[in-house]
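The next block holds one structure in the form of structure tokens; read it before the comments.
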Number of protein chains: 2
Amino acid sequence: MGTTQLQAAPEPKYWHLKTVLSEALDSEFAVGEILPNERDLAARFGVARATLRQALEQLELEGRLQRRRGVGTTVAPPRVGVAVAATGQDRPGAGSDAWQAVDCAPGAAPAPVAALLDSAPGAQVHVVRRTRVSHGQPVAAELLYVPGSSVPGLGDAEAPCGASRARAVLRELRRLGLDGEDRSVELGSARAEDAKELDRLPGAPVLVVTTRYLSRGATVAVSVATYRADTCRLTFGDTGGVEFDRSLHAQAS
Amino acid sequence: MGTTQLQAAPEPKYWHLKTVLSEALDSEFAVGEILPNERDLAARFGVARATLRQALEQLELEGRLQRRRGVGTTVAPPRVGVAVAATGQDRPGAGSDAWQAVDCAPGAAPAPVAALLDSAPGAQVHVVRRTRVSHGQPVAAELLYVPGSSVPGLGDAEAPCGASRARAVLRELRRLGLDGEDRSVELGSARAEDAKELDRLPGAPVLVVTTRYLSRGATVAVSVATYRADTCRLTFGDTGGVEFDRSLHAQAS
DNA sequence: GAGTGGTCTAGACCACGGC
DNA sequence: CCGTGGTCTAGACCACTCA
């Protein structure tokens, strides 16, 4: 019959495109360099813009590209290793990498958090907001839920509600003496609120780190931190080794 | 003028759709139930299929939906907590949750792995493939890179190359006595090869866990494990607590 | 205002699973 | 075989950034 279906490779175009672009990024582009715009690229490869965009989305997901509306598509630097370390409670940051208390408000813990806190779904807690900056870029936004019973040292009036109160809660928490932490990591998408702080669009992929802080066997606080998945590599230094932080994704010399 | 642009909310349609669908999933659908097909759903909401798909993709990314070509879209069960635990070296799995050695072949470590192994980019290593199954579902595929110098007990001929040889390498490795591990977690997309083992399409989002195993201060092996990001929540039990494994994402009673 | 990426449409065909 | 989700097209308009 006249069916000219000779191509035995049903590999999607966008997948092939992604491979080609990925190799081009390695060999022909420097970090920070801006690519041709999507319309030009699509024309150059002979595909529709939507198809090209599918390839770019994948590359952005893998942290190889960075796209900003009104600006363009740039080659992303290697992912930054951020330590999801020991107590994490506002410890003196190593240089330019630390948590910053933003504010503190009374509120109700969402159901999944309440479950971890062993409290009723609607129970009132202190909600501390913090932001983490690494190498000058925002990498994470955190909501820390602290039941009033964990920090009895504070009047639970709604009083100051600012960064200073946030620091006060953290101080009280530290004084409890934390024995350990349970952590989990999963993929999520940035809520509109987080997206703003992370300088991303809503729905951007994030790594959600949920931490349960323990003191004498009881859960005294729960933290939900969302890290930018495109720019971050979370590191867990079980041996205290810092060397791991470099060189992953580094080009072999 | 006749411009009837009264809507002050430029919230994308797919974002709104996602919210609506998400609420519907909570209230009107049971786990495993299949949704109407995409064409019907799109018509029902008065949007193009591409727009509806954008919403579905987000929900799938968040682990709320599961889509399979030729079958349909189903409501996903809550993410399964998988422990990325202590030595991890083929320890007797807790019930139905364990690593399974697949095979072992000689090969060259890719550049980033070679860097972690402190070896030349092209150096020959044993490449052990393992698969992890949890609750009957494949959740992770792993490539374990072991330099020949770490396991001198084996003749480095390409001999058996099967699951038995893989187990032999693991046994030798365990006999070294591992002091500790450095780990990192980042977002990636499944290579065609991994995708097959994980029962997903190539490019599917995965959590890439890179582990460096140490013995007496030296790196003796490097593992790159890719976990299905849609179905898995990685847990790190610093305190050995297992309770954390349940109840995240559980509906409050 | 020009140029960028982000959203959206209304089609089409293909690959796969199950009947 | 039919129905499903997956890929792809060729347009359009919008929101944003920056000169």
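To find a chain, count down the sequence lines: A is the first, B the second, and so on, and within it residues start at 1. This structure is a prediction, so every number in the text was calculated from the model and none was measured.
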Atom pairs, N/O to N/O, protein against nucleotides 8-12 of chain D, distance under 3.5 Å?
unit_1	atom_1	unit_2	atom_2	d
dC8(D)	OP1	Lys13(A)	N	2.1
dC8(D)	OP2	Tyr14(A)	N	3.2
dT9(D)	OP1	Lys13(A)	NZ	2.9
dT9(D)	OP2	Ala48(A)	N	2.8
dT9(D)	OP2	Thr51(A)	OG1	2.4
dA12(D)	N6	Arg49(A)	NH2	3.4

Short heteroatom pairs, N/O only, protein and nucleotides 17-19 of chain D, under 3.5 Å:
none

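Put simply, Thr73(A) has no side-chain N or O that comes within less than 4.0 Å of OP1 or OP2 on dT4(C). Within the 4.0 Å cut-off from OP1 or OP2 of dG5(D), not a single side-chain nitrogen or oxygen of Arg53(B) is found. An OP1 or OP2 oxygen of dT4(C) is reached within less than 4.0 angstrom by a side-chain nitrogen or oxygen of Asn37(A).
In this structure, Glu38(B) places its CD atom 12 Å from C1' of dT7(D), rounding to the nearest Å. A straight line from CD of Gln66(B) to P of dT4(D) spans 18 Å, rounded to a whole angstrom. Taking atom CZ of Arg67(B) as the reference point, atom P of dT4(D) lies 14 Å away to the nearest angstrom. Between the CG atom of Asp199(B) and the C1' atom of dC16(C) there is a distance of 13 Å, rounded to whole Å. Separating the CG atom of Leu35(B) from the P atom of dG5(D) is a distance of 9 Å, rounded to the nearest angstrom. If you take CD of Glu57(A) and C1' of dG5(C), they are 11 Å apart, rounded to a whole angstrom.
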Counting only pairs under 3.5 Å, give me each side-chain donor-acceptor contact of residues 27-36 of chain B, with atom names and distances, residues two or more places apart or in other chains.
unit_1	atom_1	unit_2	atom_2	d
Ser27(B)	OG	Glu23(B)	O	3.1
Glu33(B)	OE1	Ala30(B)	N	2.8

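Residues that satisfy the salt bridge (charged side-chain N to carboxylate O under 4.0 Å, His left out) test with Arg191(A), not counting sequence neighbours, are Asp194(A). In this view, Arg39(A) satisfies the salt bridge (charged side-chain N to carboxylate O under 4.0 Å, His left out) rule with no residue, not counting sequence neighbours. Qualifying salt bridge (charged side-chain N to carboxylate O under 4.0 Å, His left out) partners for Asp103(A), counting only residues two or more places apart in sequence or in other chains: Arg129(A).
Remark: Arg68(A) CZ is loosely packed, at most 12 non-hydrogen atoms of other residues, nucleotides or ligands lying under 6.0 Å away.
Lys18(A) pairs with exactly one of Glu57(A), Gln54(A), Glu62(A) by the side-chain hydrogen bond (donor to acceptor under 3.5 Å, both in side chains) rule, that one being Glu62(A). Just one of Thr226(B), Val82(B), Thr131(B) meets the side chain to side chain contact (heavy atoms under 4.5 Å, CB included) condition when paired with Val139(B); it is Val82(B).
Residue contacts shown for Leu201(B) are limited to sugar-phosphate atoms, with no base heavy atom under 4.0 Å away.
A perpendicular orientation is assigned to the rings of Tyr227(A) and Trp99(A), their planes being inclined by more than 60° (bins at 30° and 60°).
The pair Glu142(A)-Arg132(A) fails the salt-bridge criterion, with no side-chain N (NZ, NE, NH1 or NH2) lying under 4.0 Å from an Asp/Glu carboxylate O.
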